[in-house]
Amino acid sequence: MSSSAFAPFCSKRIVFIATFEYLFILIFPGYVASKPFTGTYGINYGRIADNIPSPNEVVRLLKAAKIKNVRIYDYDHSVLDAFKGSGLDLVIGLPNGMVKDLSNNPDHALTWVKDNVQSYLPSTHIVGIAVGNEVLGGGDLDLQTSLFPAIKNIYNATQKLNLDSIVQITTAHSQAVFGTSYPPSSCVFKQDVSQNMKKLLELFSQMGSPFCLNAYPFLAYMGSPDQIDINYALFNPTQGIYDEKTNLHYDNMLDAQIDAAYAALEDAGFGKMEVVVTETGWASHGDANEEAATLDNARTYNYNLRKRLAKRKGTPRRPKSMLKAYIFALFNENSKPGPTSERNFGLYKPDGSITYDIGFPPLKSSSSSSSLLSIKEIGAQSWHWSYISVLSSCVSMLFLFLRL
């Protein structure tokens, strides 16, 4: 074939392939780069309980409440199956107990990603993997050392499977990784975690992942009730605090906790990294020595937090970086160990009724919702067959075209 004859052929071929790729994106939107967090509000769906609604009922509840961003602490297949076709964005968890194994075995990491992520995409919209939870700053030094290679192996697995632009890799930290955090501008990472933290931050910077923070004004207030104004912790009107170094005023503790994290990141050389709150909440009931764990305080905190997030604004230190937070938690979890407060962070009771009113609906009975099964819902159950049919047609057209 002459070069002059070959030119128009190449031109047509490029146009056709571009069209084919566009059709593929339309057909399989789960396999293109997606945002790991939509809007500002998310929820932690913990399941350390024996009396909470089924995963299918939870999906109905979340859709009725219009909560799109969801985190779980494992990769239970009954949950992944229930989320198929739901349109909800899901971050799954690799539990702490698996971190050491996957840190030593890249093949295990690859298999884990294949079985628990790739095999569920795109119908279950998995947008993130949280590797471990509050590992750094904890008491297990071997686990802390294992965290970086585990995250690296998981990330390498997503790269091999071409999922690295779809699924974001993170790990959540508690306040235990920081030294002094008052005022916010004075915050730095503790010396005993700084070496492991620096390696993680370098990797997260490479991956484009945020710094994930579990921030609890509830716990801070409980630790120093004589030094902290509870209204400051609850987002109620108060004098707040003033940071002389930055000349910034804080009218609530959560903003101050987040900006303390930003200060630590800047000190470590990662000032451009975003902070996302992966847990925050307030217990509605507690032991006798947990006087702040009341129904009224929990309602006040979560109602005011919801209003705060709805403003879609940043913190005093990062006013242009819209605050995003996952609330802890969806349900009261009756099997959690520890003080009574640990079992009473839920926005919902186990029967699906609301713990207190902050504007979310209760879970409707399955009998009332089952009668609403529509053609759209039936179509969602079999979406993949029509997609496969269209894709097959595209492939056939491409094959015929390339034979011309």
Side-chain angles (χ1 to χ4, degrees), residues 37 40 134 136-137 170-194 196-198 200-201 204-205 209-282 292 297 300-302 304-309 311-328:
F37 201 112
T40 62
E134 298 187 347
L136 297 189
T170 60
T171 190
H173 305 286
S174 73
Q175 299 280 337
V177 300
F178 303 127
T180 178
S181 58
Y182 181 84
S185 61
S186 68
C187 188
V188 295
F189 291 112
K190 285 182 178 177
Q191 188 173 359
D192 60 350
V193 305
S194 60
N196 287 322
M197 182 65 77
K198 184 72 177 295
L200 282 179
L201 294 177
F204 287 158
S205 182
S209 295
F211 181 87
C212 292
L213 177 67
N214 295 345
Y216 285 94
F218 168 74
L219 296 178
Y221 175 79
M222 290 283 290
S224 305
D226 56 335
Q227 299 178 30
I228 299 174
D229 180 0
I230 193 169
N231 290 308
Y232 177 62
L234 293 172
F235 297 95
N236 282 334
T238 182
Q239 183 178 350
I241 68 165
Y242 175 72
D243 191 326
E244 293 185 356
K245 181 178 179 180
T246 56
N247 197 30
L248 294 174
H249 176 262
Y250 292 88
D251 58 13
N252 71 83
M253 184 181 288
L254 183 65
D255 279 1
Q257 289 179 330
I258 296 166
D259 275 359
Y262 276 123
L265 288 169
E266 288 181 17
D267 179 74
F270 297 89
K272 294 182 179 180
M273 187 171 289
E274 180 186 16
V275 174
V276 172
V277 176
T278 36
E279 287 184 19
T280 190
W282 199 286
N297 284 345
T300 299
Y301 181 82
N302 280 297
N304 287 339
L305 174 60
R306 193 179 180 197
K307 288 198 303 181
R308 162 71 178 85
L309 294 173
K311 293 178 181 178
R312 304 173 73 85
K313 68 175 186 177
T315 60
R317 194 180 186 103
R318 290 288 185 277
K320 296 182 180 180
S321 183
M322 185 172 66
L323 177 59
K324 304 165 188 173
Y326 291 91
I327 281 58
F328 188 87

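Residues: numbered from 1 along the sequence shown. Scope of the values below: all heavy atoms of this structure, side chains included, with no hydrogens, waters or symmetry mates.
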Once side-chain hydrogen bond (donor to acceptor under 3.5 Å, both in side chains) is applied, do any residues pair with [X], and if so which ones, sequence neighbours excluded?
X: Tyr232; result: none
X: Thr171; result: none
X: Asn297; result: Thr294
X: Tyr326; result: none

**Message:** Once salt bridge (charged side-chain N to carboxylate O under 4.0 Å, His left out) is applied, what residue pairs with a partner in residues 226-244 remain, sequence neighbours excluded?
**Reply:**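 Matches after skipping sequence neighbours: none remain.
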[X]: which residues meet the side chain to side chain contact (heavy atoms under 4.5 Å, CB included) condition with it, sequence neighbours left out?
X: Ser321; answer: Tyr262, Glu274, Arg318
X: Ser174; answer: Glu134, Ala176
X: Met222; answer: Phe218, Glu290, Ala292
X: Ala260; answer: Ser181, Pro184, Cys187

Can you name the closest pair of heavy atoms from [X] and [Y] and give their distance?
X: Pro217; Y: Trp282; value: C-CZ3, 4.0 Å
X: Phe204; Y: Pro210; value: CD1-O, 4.2 Å
X: Thr278; Y: Ala172; value: OG1-CB, 3.5 Å
X: Pro225; Y: Gly223; value: CD-C, 3.6 Å
X: Gly137; Y: Val177; value: N-CG1, 4.4 Å

With rounding to the nearest 0.5 Å, note down the distance linking [atom1] in [X] to [atom2] in [Y].
X: Met253; Y: Leu234; atom1: CE; atom2: CG; result: 9.5 Å
X: His173; Y: Glu279; atom1: NE2; atom2: CD; result: 12.5 Å
X: Gln175; Y: Leu213; atom1: CD; atom2: CG; result: 5.0 Å
X: Asn304; Y: Leu254; atom1: CG; atom2: CG; result: 11.5 Å

If we only count heavy atoms from C-beta on, is the [X] to [Y] side-chain gap below 4.5 Å?
X: Leu309; Y: Ile327; value: yes
X: Met197; Y: Phe270; value: no
X: Thr40; Y: Leu323; value: no
X: Val275; Y: Arg317; value: no

**Prompt:** Taking only residues at least two apart or on different chains, which pairs with a member in residues 246-261 satisfy side chain to side chain donor-acceptor pair (under 3.5 Å)?
**Reply:**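 Residue pairs passing side chain to side chain donor-acceptor pair (under 3.5 Å), neighbours aside: Tyr242-Asn247, Tyr250-Asp259, Asn252-Asp255, Asp255-Arg308, Asp259-Thr315.
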**Request:** For Phe178, enumerate each residue passing the ring-ring contact (aromatic ring centres under 6.0 Å, His included) test, keeping only those at least two apart in sequence or located in another chain.
**Result:**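 For Phe178, the residues satisfying ring-ring contact (aromatic ring centres under 6.0 Å, His included) (neighbours in sequence not counted) are Phe189.
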**Request:** Applying ring-ring contact (aromatic ring centres under 6.0 Å, His included), name anything that partners Phe235, two or more places apart in sequence or on another chain.
**Result:**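 For Phe235 the ring-ring contact (aromatic ring centres under 6.0 Å, His included) partners, ignoring immediate neighbours, are Tyr301.
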**Message:** Could you check whether any side-chain N or O of Thr280 sits under 3.5 Å from a backbone N or O of Ala215, counting only pairs where one atom can act as donor and the other as acceptor?
**Reply:**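 Judged by distance alone, yes, a pair lies under 3.5 Å.
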**Asked** After noting the C-alpha distance and the side-chain angles of Lys272 and Ser205, does the key distance pass the side-chain contact (heavy atoms from CB on, under 4.5 Å) rule?
**Response** CA-CA 9 Å; Lys272 294 182 179 180; Ser205 182; over 6 Å; no
**Message:** Using side-chain contact (heavy atoms from CB on, under 4.5 Å), reason through Leu201 and Lys198 one step at a time and then give a plain yes or no.
**Reply:** CA-CA 5 Å; Leu201 294 177; Lys198 184 72 177 295; 5.6 Å; no
